[in-house]
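The structure appears below as structure tokens.
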Amino acid sequence: MKTIRIFIASSSELKEDRDQFRLFISTENDRLHKKGLYLELVQWEYFLDAISDTRLQSEYNAAIRSCDIVLCLFFTKVGKYTAEEFDTAYEIFKDQGKPRIWTYFKNAQINTGAITEEINTLLAFKKKIGDLGHFHTEYSNIDNLINKYRSQLDLLLPSFEAEATAGTLDTKPADNGGEATAPPANHFNELLTSRLLLAIRPHHRKAEDFLAYNGDWAENDTLVRTAKQIIINAYVGVVGVQIRKLMSIGEEDFSRSKMERYLENCHITAKRSIQLLCYALLSKLWDHQVLSKIDFSRAQSEGLTKFFRNAAEEDLLGFLDLLRLLLDIFSGKKLDILLSESLALLPKLSEGSQLFGACAKLAEIPQLLESRSYGPADCLEAETNLATVLEELAFLAEYRMISINEIDFNQQRNDQQGLYLHNYTLLVGESQAKNGSQNKVRRESSPVISHAVILFKDNYRDNINLDPFIIDFNGLALSGGSKICFYSHCNTFGNLDLNFSFIEDNSLESIRKSNNPKPDEANLNSLNAWLSKRENRRDMNFDKVYSLFFEAKRALTGVEEEVDDDSF
């Protein structure tokens with residue numbers, strides 16, 4: 001295994017970008033380990049509390065000297081130590097020919113009141129590196145940075161692959177004759193953008209207005225970007241997030257890595273979209289079952305039990321089967337449902353239909369990626385099939401998702417009523433994990449359920465509570481920002497842990513029942529003391545998710561929590 005060490009230098013104002021870049025590196029490692037490569041991030045905060053004036057210069061130089069790549073990020077200022085890191089890397093590069101150095105300057109909006117004299121350090125540094133003949137690059141947001149740097153990595157990695165251990169490389173050629181030697185025309189997302197914009201037009205006012213005034217939008221690069229942004233923000237919450245990633249990949253320079261990730265994200269976008277509908281219907285079916293017991297057919301009972309007892313996540317076609325089963329229940333029992341438009345999908349889910357065929361082809365992508373026999377034509381086919389799926393789900397452009405965090409009560413002197421302050425995160429395609437930019441507060445005269453991800457159309461009080469099938473892990477952990485995770489599977493035949501998949505990188509988060517009992521609510525002093533500790537409130541939140549899952553399982557299947565009895 002060849003380790004490629006990457007040193008990141010930046011000021012504290014770009015901590016969120018560094019965190020997101022770290023997530024990108026983690027995702028890249030999932031792909032690169034098959035080639036015998038591993039990207040190791042080196043940052044001072046990993047091994048020192050701070051860079052102090054008392055540190056040994058030799059230790060400082062050694063850290064950078066051992067790196068292959070140095071990445072410097074700047075925004076409104078250049079700190080003393082970040083500048084020194086660049087200088088050290090540059091001197092070592094002149095002497096040894098490495099590390100390779102990249103400098104990225106963030107070009108984003110900033111409040112003028114936040115500008116200080118430190119802006120002069122930025123201007124001076126730009127002039128300095130210009131005089132050295134070093135070219136810098138600008139980036140607008142973290143997605144843009146990742147796209148730019150991924151392209152650079154794709155150019156750089158072949159030289160490292162040659163150093164990796166022989167035999168760990170996958171050299172099986174693609175069906176187009178192996179690695180592309182010349183980039184073809186970059187038409188990724190063109191078909192998807194055109195078809196989805198037309199599909200959401202009846203459901204989204206902004207799309208309607210855009211098309212009404214810009215009939216020639218496809219011929220203007222600026223308008224094409226606007227069209228993509230409309231689509232990303234139109235499709236509800238997590239679906240928009242997946243489309244955003246797909247659009248972002250499509251803008252990269254052509255490479256084998258780009259094709260691989262494009263195919264992978266076409267598959268996962270379709271799966272998450274069908275999964276969202278399944279979880280919304282499951283949640284609503286649970287509500288109906290609590291109010292009035294429903295008699296399921298044997299096939300329906302077996303299908304529901306299969307879902308709750310699965311010890312591994314369903315694949316795309318498995319979720320398609322579950323969606324058909326749930327819609328059949330709602331249609332046959334004439335049950336009320338907020339997502340009434342989804343009932344029109346029922347006749348389109350049978351084998352032989354266009355929608356089923358598109359899903360079946362998308363479900364084959366994991367095997368295609370495993371074989372490493374794919375080319376641009378496969379990407380276009382995947383894009384076409386995904387467009388077919390998302391066209392049928394265009395009604396989701398009428399819905400929104402929010403994550404309700406904690407609810408505060410505010411009552412001033414002589415105020416007889418008081419108001420509840422709902423702290424929530426609006427989940428849109430542009431939002432990312434740990435990004436607090438979408439946090440909002442809504443004043444209401446009555447509370448709603450806290451720590452829940454909800455789906456709604458017009459009035460957010462008329463909603464589908466997606467808990468415990470879709471959760472905001474960061475909200476439950478009281479750690480700030482949002483981290484939306486989909487239920488994946490339960491360790492049914494093991495310790496009964498619940499596993500959730502993070503929508504940004506598909507990494508798993510596990511929830512298990514804590515051994516932290518909540519005091520008797522009758523003893524207010526003990527309860528208040530217990531609740532005053534953050535870790536107790538966190539355990540309480542996750543324990544609630546855990547118990548809700550098994551309550552839903554019991555209500556919809558009749559299966560109790562499955563535990564092994566002690567035997568002697």
Side-chain angles (χ1 to χ4, degrees), residues 4-26 28 39-46 48 50-51 57 60-110 114-160 248 251-253 255 257:
I4 305 167
R5 291 166 60 84
I6 303 176
F7 187 98
I8 299 183
S10 73
S11 59
S12 58
E13 64 181 342
L14 290 176
K15 182 180 184 303
E16 186 173 317
D17 285 2
R18 288 203 311 273
D19 290 343
Q20 289 294 321
F21 193 83
R22 209 158 34 222
L23 183 63
F24 155 66
I25 292 297
S26 176
E28 285 294 283
L39 305 178
E40 177 186 350
L41 280 186
V42 179
Q43 292 179 249
W44 278 108
E45 60 256 40
Y46 284 2
L48 290 178
I51 301 175
Q57 187 65 39
Y60 175 77
N61 289 345
I64 295 181
R65 193 180 299 276
S66 66
C67 289
D68 303 284
I69 295 169
V70 170
L71 186 68
C72 303
L73 308 180
F74 305 100
F75 189 22
T76 65
K77 61 184 178 181
V78 178
K80 171 185 174 182
Y81 297 116
T82 307
E84 187 175 347
E85 288 162 0
F86 175 86
D87 291 341
T88 301
Y90 186 70
E91 289 303 316
I92 296 172
F93 172 77
K94 287 195 301 180
D95 182 47
Q96 299 182 355
K98 76 168 205 176
R100 300 286 296 272
I101 305 169
W102 279 267
T103 53
Y104 288 92
F105 290 80
K106 189 168 187 175
N107 185 4
Q109 291 183 348
I110 183 173
I115 298 176
T116 67
E117 291 184 357
E118 289 183 310
I119 194 75
N120 293 322
T121 63
L122 186 73
L123 300 176
F125 187 78
K126 280 188 174 182
K127 183 179 185 306
K128 171 184 170 180
I129 64 175
D131 292 341
L132 292 174
H134 178 83
F135 297 99
H136 70 269
T137 304
E138 292 187 346
Y139 73 99
S140 56
N141 53 45
I142 186 60
D143 275 344
N144 188 230
L145 171 64
I146 288 172
N147 288 334
K148 289 176 182 291
Y149 198 69
R150 184 185 279 121
S151 297
Q152 295 296 307
L153 271 180
D154 286 339
L155 294 174
L156 191 63
L157 288 176
S159 63
F160 288 109
S248 182
E251 293 176 359
E252 298 175 16
D253 293 335
S255 68
S257 167

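FYI, side chains are in, hydrogens and waters are out, and symmetry mates aren't considered; it's all heavy atoms of this structure.
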Quiz prompt | For the student: nearest non-hydrogen atoms of Glu28 and Leu39, plus distance | solution = CB-CD1, 4.0 Å
Quiz item: Just checking, Lys126 and Phe105: is the charged tip under 6.0 Å from the six-membered ring centre and within 45° of the axis?
Solution: yes
Quiz item: How far does NZ of Lys128 sit from OH of Tyr90, to the nearest 0.5 angstrom?
Solution: 10.0 Å
Quiz item: Tell me the salt bridge (charged side-chain N to carboxylate O under 4.0 Å, His left out) pairs involving residues 99-109, sequence neighbours left out?
Solution: Asp17-Lys106
Exercise. Give a yes or no answer on whether the side chain of Glu252 reaches the backbone of Arg150 with a donor-acceptor pair at less than 3.5 Å.
Key: no
Self-check item: Nearest-0.5 Å distance, CD1 of residue Ile69 to CD1 of residue Ile64
Solution: 14.0 Å
Practice problem: Using the test ring-ring contact (aromatic ring centres under 6.0 Å, His included), find all partners of Phe125 that sit at least two apart in sequence or belong to another chain. | Solution: Phe74, Phe86
Quiz item: Can you find a heavy atom in the side chain of Ser66 that is under 4.5 Å from one in the side chain of Arg5?
Solution: yes
Exercise. Look up atom CG in Leu14 and atom CG in Leu145, then write down how far apart they are to the nearest 0.5 Å.
Key: 9.5 Å
Exercise. Rounded to the nearest 0.5 Å, what's the gap from CG on Leu71 to CD1 on Ile6? Could you check?
Key: 7.5 Å
Practice problem: Please indicate whether Lys98 has more than 12 foreign heavy atoms, meaning atoms of other residues, nucleotides or ligands, lying under 6.0 Å from its NZ. | Solution: yes
Quiz item: With distance as the sole test, does Thr121 use its side chain to make a donor-acceptor pair with the main-chain N or O of Val78 at under 3.5 Å?
Solution: yes
Exercise. Could you tell me which non-hydrogen atom of Arg22 sits nearest to which non-hydrogen atom of Leu41, and how far apart they are?
Key: CG-CD1, 3.3 Å
Self-check item: Minimum heavy-atom distance between Leu73 and Arg18, given as atom pair plus value
Solution: CD1-CG, 4.4 Å
Quiz prompt | Results of side chain to side chain contact (heavy atoms under 4.5 Å, CB included) for Asn107 - residues two or more places apart only | solution = Glu138
Practice problem: Taking all heavy atoms of Ala89 and all of Pro99, pick out the closest pair and write down the distance. | Solution: O-CD, 4.0 Å
Quiz item: Which distance, rounded to the nearest 0.5 Å, do you find between the CG of Leu153 and the CD1 of Ile25?
Solution: 6.0 Å
Self-check item: Where Ile146 and Gln20 come nearest, the two heavy atoms and their spacing
Solution: CD1-O, 4.2 Å
Practice problem: Output the distance between atom CD (Glu85) and atom OG (Ser10), rounded to the nearest 0.5 Å. | Solution: 8.5 Å
Quiz item: Which pair of heavy atoms, one from Phe7 and one from Cys67, lies closest together, and at what distance?
Solution: CB-SG, 3.7 Å
Quiz item: Are any non-hydrogen side-chain atoms of Tyr104 and Tyr149 less than 4.5 angstrom apart?
Solution: yes
